[in-house]
Amino acid sequence: MNTPSVVAEMTSPYVENQEFPGIVYPTSVTATLEAFRRSFPDAERLAPEEDGGAAALTVHSPEYVDFVKEGSGRQEGSTKFPLNVIAVPALKVSEPRTFVGRHIQYFFDEITQATPSVCQGALHSAAAAQQGARRLARADRSSPGLVLVPSRPPGHHALPTVGGGLCVFANAAIAARELSRSGRVAVLDIDQDHGNGTQAVFYDDPSVLTVSIHAEGWPHVAGFAEETGGPGAPGGNLNLPLPTGSGFDAYLPAFETALEAITRFEPDHLVLALGYDAHREQGFGLLRLDVADFGVLGRRIAGLRLPTLVTTEGCYGYYDSTAEAADAFFAGWAEGWR
Ligand SMILES: [Zn+2]
């Protein structure tokens, strides 16, 4: 059997007790890891290394990275959330003087809370994304590999200077930045929501193609089809928004369009931002995929024959469909590879 030259996972880049209100992240990451191990039982396990925020600095501002580092060192439970203020520019008169004051400046919504464990998870995930990318870059080009970085918190909504949408550091973008040192990179985002953070990082960078398939809507100020890249990278971004309630019959043609664009770009590496919230019982039902559909996605992505790094984005641990979709996806990938 033809096997990939590298199949690897980071062992524990997330923090066990990390959670956002009502959304239990570690459960969904555990389901992804278990699914990956079922399909790739002999996968290499990479031990994550601490990097003091260096990986995050490759796509984020020093001030924002410093803020997250400060958050990681605070005492659990020492900060009261929610914050109830969004720092729109018109509001600001003075510089903030407290951690909570700075927090308001660094997150574009209230649901994203820089608890110590979330900040520690963000630093771990960013380092793991870069480390996983370095491992993939060393893979034998004649037989592409697959590296899973089970990132928590997720990353695809995090912008260079602010986080939000439950995302702190842009893990997929950090991996793509690292891989772009050794060639062209395509990022494919199949989370139900627009990968606005990844898009923002590479909007004017011709070495990285960003593609997102998502339900139209959130975050309401990005994610539209006419956002096709900045002056330095025309055609470097592809958004494929789908009407609310779309099922796989509408999703599949968009997915084919995404794969065609990636093939045309001729990347050396692929970064996949993998979410399961396009499943019909998740993500408020904005998209209506079934478990088996994730198997098709995995199979087709493997068919690109590109060395691929996977980061984990949205999925909700309290649904069985998370584990089932993860199983279907990686089994599909393994099958598509053969
Ligand atoms: Zn999502």
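The residues of the chain are indexed from 1 along the displayed sequence. We count ligands from 1, going down the list as the structure has it; atoms in each ligand are counted the same way.
Taking the N/O/S atoms of Asp193 in turn, the shortest distance to the Zn ion (ligand 1) belongs to OD2. With respect to the Zn ion (ligand 1), Asp277 has OD2 as its nearest N, O or S atom. Summary: OD1 is the N/O/S atom of Asp191 found nearest to the Zn ion (ligand 1).
For the pair Arg300 and Phe255, the cation does not sit on the ring face, since its NZ or CZ is not both under 6.0 Å from the ring centre and inside 45° of the axis.
Residues His194 and Gln199 bring a donor and an acceptor atom of their side chains to less than 3.5 Å of each other.
Classification of the Phe40-Trp333 ring pair by plane angle, with boundaries at 30° and 60°, yields perpendicular.
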I would like to know whether Arg338 and Glu335 meet salt bridge (charged side-chain N to carboxylate O under 4.0 Å, His left out); could you show each step before the answer? CA-CA 6 Å; Arg338 279 179 209 128; Glu335 203 183 297; 5.7 Å; no

